[in-house]
Amino acid sequence: MTKVVLLGYGQMGREIDSIAKEFDVEIVAKLDLADDINDLDKIDFDVAIDFTIPMAVEDNFRKVISLGKSIVIGTTGWYDKLDRFRELAENSNGSCLWGSNFSIGMQTFYRLIANAGSLIDKLDEYDVSVHEIHHRRKKDSPSGSALAIANILLENVDRKTRIKEETCHEEIDKNSIHVSSSRIGAITGTHTVYMDSKSDTIELTHRAKNRRGLAKGALVAAKWLAGKKGFYTFSDVLDEIMD
């Protein structure tokens, strides 16, 4: 069995814990934010799964990598450190895998968005935007998944050159992709891409029903990463699954 430490024991940590045995994973320890990350020195594990907060991610990452172990990062909101993490992982005996969303359904959605963007690129009359809705406790906005979707559109719609995250109080630049957010209740996560023309609107939506899909993806990623060296994204796992 793959031995996993959970870093963060909130709703996602508990969801992962509840289904781990189905994936032949043993949860050997659970460290929450109040615990000392140096406790990892005394734990026999293969992979750590991090669903904490952005401020805790770097210390967790550095500790796991220094032990020559692997870490799966599901926390969002830390992406300004991405290049530094990649360099550190690639020059260590450990490994790191991150994803803006660990739902296999969302990863499929990303691929659908890439194809849709390529089609819209040929149709100048269509504008595109992204809107996401999450529960009111979510700490980052826009979501990491919404920004990932916007970046996929940037790569596939040539006339779009930048992402606008802020609320608009004026006419928006036609070269921008507007990414907007709502926070309400207990919604797990809804992401919609709008493609609008004067004649019609096309909408593509991914709606998470619960956290199980995210937990399943994190466990699949942990088993895939165990024993590897280097820096990866969750799309690397899906590329292998979908081949």
Side-chain angles (χ1 to χ4, degrees), residues 2-17 20 23 25-103 106-107 137-148 151 211 214-240:
T2 304
K3 295 180 179 179
V4 165
V5 171
L6 296 178
L7 302 180
Y9 202 64
Q11 289 182 311
M12 272 305 305
R14 290 192 290 272
E15 187 72 28
I16 292 168
D17 192 19
F23 294 85
V25 167
E26 179 185 3
I27 304 300
V28 296
K30 306 159 192 173
L31 301 184
D32 214 348
L33 291 171
D35 296 314
D36 186 350
I37 191 63
N38 291 313
D39 287 348
L40 287 179
D41 293 338
K42 301 171 284 187
I43 300 170
D44 177 24
F45 72 100
D46 303 307
V47 185
I49 298 178
D50 184 304
F51 277 95
T52 55
I53 58 175
M55 292 78 76
V57 169
E58 183 163 6
D59 285 346
N60 294 346
F61 165 81
R62 286 181 178 275
K63 184 61 182 181
V64 173
I65 290 296
S66 73
L67 295 173
K69 304 289 188 177
S70 301
I71 183 168
V72 171
I73 304 177
T75 306
T76 59
W78 57 273
Y79 303 140
D80 57 318
K81 303 178 178 70
L82 198 57
D83 289 340
R84 182 159 74 246
F85 279 29
R86 178 184 292 108
E87 181 180 0
L88 289 169
E90 290 177 346
N91 289 286
S92 76
N93 289 319
S95 60
C96 175
L97 184 151
W98 73 278
S100 58
N101 191 299
F102 277 85
S103 161
M106 178 59 85
Q107 293 294 326
R137 299 177 309 283
K138 187 167 177 60
K139 300 190 187 320
D140 58 323
S141 178
S143 69
S145 298
L147 293 174
N151 277 297
R211 291 177 174 80
L214 300 171
K216 175 182 176 181
L219 289 165
V220 168
K223 288 183 67 67
W224 184 90
L225 187 63
K228 289 183 170 64
K229 307 297 180 188
F231 190 82
Y232 305 92
T233 70
F234 190 46
S235 62
D236 293 321
V237 182
L238 269 293
D239 287 343
E240 189 170 301

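Residues take their numbers from the sequence shown, with the count starting at 1.
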Quick note, salt bridge (charged side-chain N to carboxylate O under 4.0 Å, His left out) partners involving residues 219-230, not counting sequence neighbours, are none

Find the distance between [atom1] ([X]) and [atom2] ([Y]) and round it off to the nearest 0.5 Å.
X	Y	atom1	atom2	answer
L88	K81	CG	NZ	12.0 Å
D236	L97	CG	CG	7.0 Å
D80	R84	CG	CZ	7.0 Å
K63	D39	NZ	CG	9.5 Å
C96	L82	SG	CG	8.5 Å

Over 12 non-hydrogen atoms of neighbours within 6.0 angstrom of NZ in K69: yes

For the side chain of [X] and the backbone of [Y], is there at least one donor-acceptor N/O pair under 3.5 Å apart?
X	Y	value
Q107	N101	yes
D17	G13	no
D32	A34	no
S145	S100	yes

Could you tell me which non-hydrogen atom of [X] sits nearest to which non-hydrogen atom of [Y], and how far apart they are?
X	Y	value
R211	Q11	NH2-OE1, 3.0 Å
F234	G99	CB-CA, 4.3 Å
A218	I49	O-CD1, 3.9 Å
G94	I65	C-CD1, 4.0 Å

Practice problem: Please tell me if the side chains of E240 and V237 come closer than 4.5 Å, counting only heavy atoms from C-beta onward. | Solution: no

Inset, instruction - Check whether any side-chain heavy atom of I43 lies under 4.5 Å from a side-chain heavy atom of V28, and answer yes or no. - result: yes

side-chain hydrogen bond (donor to acceptor under 3.5 Å, both in side chains) pairs touching residues 87-97, sequence neighbours excluded, are S70-S95

Notebook entry, point to check: Looking at D35 and K30, does any basic side-chain N land under 4.0 Å from a carboxylate oxygen?
Noted result: no

Q) If you measure only the distance, is there a donor-acceptor pair under 3.5 Å linking the side chains of S235 and T233? A) yes

Do the side-chain N and O atoms of D46 and T2 include a donor-acceptor pair separated by under 3.5 angstrom? no

Please identify which of these residues, [options], meets the side chain to side chain contact (heavy atoms under 4.5 Å, CB included) condition with [X].
X	options	result
T52	V57, I73, D59, L31	V57
P54	T76, T75, D140	T75
L219	V47, I16, V72	I16

What class does the angle between the rings of F51 and F102 fall in, given that below 30° is parallel, 30 to 60° is tilted and above 60° is perpendicular? perpendicular

- prompt: M12 and L6: side-chain contact (heavy atoms from CB on, under 4.5 Å), yes or no, with the steps?
  reply: CA-CA 10 Å; M12 272 305 305; L6 296 178; over 6 Å; no

Discussion item. Run F45 and L67 through side-chain contact (heavy atoms from CB on, under 4.5 Å) and show every step you take.
Written reply: CA-CA 10 Å; F45 72 100; L67 295 173; 4.2 Å; yes

Do the ring centers of Y232 and W224 come within less than 6.0 Å of each other?
-> yes

task = Taking the six-membered ring for Trp and the single ring otherwise, decide whether the centroids of W78 and F61 are under 6.0 Å apart.
result = no

For this session: Mind running side-chain contact (heavy atoms from CB on, under 4.5 Å) on N60 and L40 for me, showing each step along the way?
Result: CA-CA 10 Å; N60 294 346; L40 287 179; over 6 Å; no

